[in-house]
*Asks:* 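The structure that follows is given in the form of structure tokens.
Here the structure is a predicted model, which is why all the values come from computation and not from measurement. In what follows, chains are A, B, ... by sequence order, proteins preceding strands, each numbered from 1.
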There are 2 protein chains.
Amino acid sequence: MCATLSDMPAASIRARARAEMINEIKTIARRHLAAEGANLSLRAVARDMGMVSSAIYRYFPSRDELLTALIVDGYHALGDAAAAGDAGVTDRADLRGRWLAVCHAVRRWALAHPAEYALLFGSPVPGYAAPQETTVAAARTPATLIGILVDGFATGALTDPGPSELPDPVHADLAAVRDSLFAGLPEALLARGATGWIHCFGAVSFELFGQLDGVIGAREEYFDHQMRRMCDLIGLPCP
Amino acid sequence: MCATLSDMPAASIRARARAEMINEIKTIARRHLAAEGANLSLRAVARDMGMVSSAIYRYFPSRDELLTALIVDGYHALGDAAAAGDAGVTDRADLRGRWLAVCHAVRRWALAHPAEYALLFGSPVPGYAAPQETTVAAARTPATLIGILVDGFATGALTDPGPSELPDPVHADLAAVRDSLFAGLPEALLARGATGWIHCFGAVSFELFGQLDGVIGAREEYFDHQMRRMCDLIGLPCP
DNA sequence: AGCATTTGAGAGCAGTGCTCTCTAACGAGA
DNA sequence: TCTCGTTAGAGAGCACTGCTCTCAAATGCT
């Protein structure tokens with residue numbers, strides 16, 4: 001009945017009710033998103049809650065704010081799925097196995113939540129600029145992937161490919177990312193990880209957005225094949 | 001004044017006026033798309049044409065039909081850009097140079113027409129199922145890329161990597177594609193080409209849909225670097 | 001117990017896609 | 001050249017959307 005939120009220990013009754021209300025709105029909005037696709041209707045959500053549409057505005061100042069909340073939740077759900085995929089591999093030294101596990105976890109989450117995935121990675125909403133809070137949530141999944149490379153470099157399983165494979169300006173951009181998130185990781189390895197993440201995103205989007213329709217039937221095998229090829233490119237050894 | 005359409009040589013005056021009207025609607029719709037983003041308003045288009053909204057329905061039975069027409073046009077424009085990029089490389093034996101030229105042409109087109117690109121490769125419209133005519137137009141760009149591999153295999157510059165790198169079900173899917181579009185090309189090469197195309201799409205989408213914001217500043221160099229790495233993976237030799 | 005805050009209802013505005021009816025114009029055949 | 005049937009466009013209207021504003025009721029805090 002009362003879902004205790006860990007970050008508000010002695011919340012007032014009103015604040016509690018409010019938090020529950022917000023959760024219910026988001027849940028119903030997610031259901032609508034899954035059923036109808038991207039064009040989420042505030043009025044329809046309100047109707048499903050037995051409320052009038054203007055009441056929703058007590059909890060979300062606009063439809064965009066609701067979408068932002070769903071996006072942040074979505075990034076975190078995807079990040080959780082990715083982290084769980086990584087954690088499910090018991091042999092922590094099996095870098096390739098961990099990488100593949102995370103990629104498949106991302107794909108499975110996307111297939112299970114296509115509308116939310118489209119919200120995260122599809123065409124951006126016209127006048128919509130992603131606020132800061134979305135970008136930190138968005139970073140979790142690539143961070144999980146590149147964390148595998150960090151582990152590999154720390155144990156000596158991966159070595160620095162050297163700076164020669166990167167153009168200078170990219171070198172600088174990646175150094176900034178490395179310094180803020182992946183201390184000690186060579187830029188070339190970071191670049192390889194980013195390439196792997198982009199290809200994972202590309203392959204999932206390609207499949208989910210219908211570009212594979214009528215061409216490839218064995219979707220999972222095809223995805224697995226592609227991710228293995230990326231492992232080769234990254235330099236993740238077969239155990 | 002009279003843009004002659006090659007496929008209607010002796011069109012009646014009415015048919016000519018109608019074709020021009022359809023073109024004008026599409027042109028204005030494209031302008032709106034570029035300005036406002038994906039949520040195209042029929043009424044706004046009608047207003048810009050000095051017509052009432054219901055008049056548009058004389059030319060397009062629904063908003064979705066207008067979007068479909070724009071999508072088909074977009075695929076063809078992208079296909080033209082890709083083909084022009086390939087044709088711009090005078091040394092036809094420089095497979096890597098041709099591949100990179102096509103990839104950069106795709107990216108340039110996408111940056112110049114972001115809303116149209118999003119229409120083609122972004123989240124699919126909810127109840128919208130792509131009709132057959134879109135898929136044949138969509139195939140032109142990957143066909144240009146894989147045509148480079150066909151050339152390379154024909155001249156002996158590329159060799160069959162062998163079937164071992166493909167799982168069986170994917171093998172069968174690719175064989176069907178090969179037989180209908182790229183006669184004689186080994187499946188493994190086709191698979192490598194598809195991977196390259198998917199990564200090109202992924203990298204462009206990643207950049208265009210804002211996932212690179214605040215991370216990579218040197219966009220073109222980064223894209224170039226990634227495409228070169230894909231050339232390595234595909235096995236396109238440096239000239 | 002009283003009060004101030006919060007909540008929801010309801011009406012309303014401007015916009016949307018789409019349908020229907022009606023009139024005016026216009027091209028094609030005689 | 002003149003008539004006639006097709007067609008383009010106008011206009012009203014329906015159901016829907018996001019959002020704002022006002023008002024009354026409920027509700028938690030002091």
Side-chain angles (χ1 to χ4, degrees), chain A residues 1-2 8-26 28-29 31-33 35-71 115 119 125-129, chain B residues 1-2 8-26 28-29 31-33 35-71 115 119 125-129:
Chain A
M1 178 172 290
C2 42
M8 35 175 63
S12 70
I13 298 181
R14 268 202 168 134
R16 290 262 280 263
R18 192 176 174 78
E20 269 183 43
M21 207 71 195
I22 286 178
N23 267 330
E24 191 177 342
I25 292 174
K26 289 199 290 189
I28 294 187
R31 193 153 61 225
H32 272 92
L33 220 52
E36 321 275 308
N39 33 10
L40 178 68
S41 161
L42 268 190
R43 290 182 113 109
V45 172
R47 226 170 303 146
D48 268 26
M49 298 194 56
M51 291 200 317
V52 94
S53 72
S54 60
I56 298 280
Y57 289 83
R58 296 284 173 202
Y59 303 95
F60 293 94
S62 75
R63 182 173 161 280
D64 274 7
E65 292 288 324
L66 212 197
L67 284 177
T68 299
L70 294 177
I71 288 173
L119 209 57
V125 183
Y128 180 80
Chain B
M1 178 175 289
C2 41
M8 33 176 64
S12 70
I13 298 181
R14 269 203 166 132
R16 290 261 280 264
R18 190 176 176 79
E20 269 182 44
M21 205 72 196
I22 287 178
N23 267 332
E24 191 176 342
I25 292 174
K26 288 200 289 189
I28 294 187
R31 193 153 59 226
H32 272 92
L33 220 52
E36 321 275 308
N39 34 10
L40 177 68
S41 159
L42 268 190
R43 290 182 113 110
V45 172
R47 228 168 349 215
D48 267 25
M49 299 194 57
M51 293 200 314
V52 94
S53 72
S54 59
I56 298 280
Y57 289 84
R58 296 281 172 202
Y59 303 94
F60 292 94
S62 74
R63 182 173 162 278
D64 274 7
E65 292 287 325
L66 212 198
L67 284 177
T68 299
L70 294 176
I71 287 173
L119 209 56
V125 184
Y128 180 79

*Asks:* Could you state the atom-to-atom distance from CD of Glu24(B) to P of dA8(D) in whole Å?
*Replies:*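 That distance rounds to 15 Å.
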
*Asks:* Taking atom P of dG15(C) as reference, at what distance in whole Å does atom CG of Asn39(B) sit?
*Replies:*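 These atoms are roughly 15 Å apart.
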
*Asks:* Of all the heavy-atom pairs spanning Ala115(B) and Leu33(B), show the shortest one and how long it is.
*Replies:*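 Here Ala115(B) and Leu33(B) meet closest at CB-O, 3.2 Å.
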
*Asks:* How far does CZ of Arg18(B) sit from CZ of Arg14(B), to the nearest 0.5 angstrom?
*Replies:*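 Reported to 0.5 Å precision, the distance equals 10.5 Å.
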
*Asks:* Pair up each side-chain donor or acceptor in residues 55-62 of chain B with any protein partner under 3.5 Å, not counting sequence neighbours, and list the distances.
*Replies:*
| unit_1 | atom_1 | unit_2 | atom_2 | d |
| --- | --- | --- | --- | --- |
| Ser62(B) | OG | Asp64(B) | N | 3.3 |
| Ser62(B) | OG | Glu65(B) | N | 3.3 |

*Asks:* For a quick check of understanding: with a heavy-atom distance under 4.0 Å over all strands, which category does Phe60(A) fall into, base, sugar-phosphate or nothing?
*Replies:*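 No contact.
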
*Asks:* Whole Å only: how far is the CD1 atom of Ile56(A) from the C1' atom of dA9(C)?
*Replies:*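 These atoms are roughly 13 Å apart.
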
*Asks:* Can you measure Arg16(B) atom CZ to dA8(D) atom C1' for me and round it to whole angstrom units?
*Replies:*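 The distance from CZ of Arg16(B) to C1' of dA8(D) comes to 19 Å, rounded to the nearest Å.
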
*Asks:* Base, backbone or nothing for each nucleotide of nucleotides 14-25 of chain D, written B, S, -, heavy atoms under 4.0 angstrom, 5' to 3'?
*Replies:* ---BBBBBB---

*Asks:* Without decimals, in angstroms, what is the distance between Met21(B) CE and dT7(D) C1'?
*Replies:*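 Interatomic distance, CE of Met21(B) to C1' of dT7(D): 13 Å.
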
*Asks:* Nearest 0.5 Å, please: how far is NZ in Lys26(A) from CG in Leu70(A)?
*Replies:*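 Here the rounded value is 7.0 Å.
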
*Asks:* Give every donor-acceptor pair under 3.5 Å between a side-chain atom in residues 40-51 of chain B and any protein atom, sequence neighbours left out.
*Replies:*
| unit_1 | atom_1 | unit_2 | atom_2 | d |
| --- | --- | --- | --- | --- |
| Ser41(B) | OG | Arg43(B) | N | 3.4 |
| Ser41(B) | OG | Ala44(B) | N | 3.0 |

*Asks:* If you restrict it to nitrogen or oxygen atoms, what contacts under 3.5 Å exist between nucleotides 27-30 of chain D and the protein, and what is each distance?
*Replies:*
| unit_1 | atom_1 | unit_2 | atom_2 | d |
| --- | --- | --- | --- | --- |
| dT27(D) | O2 | Arg14(A) | NH2 | 2.8 |

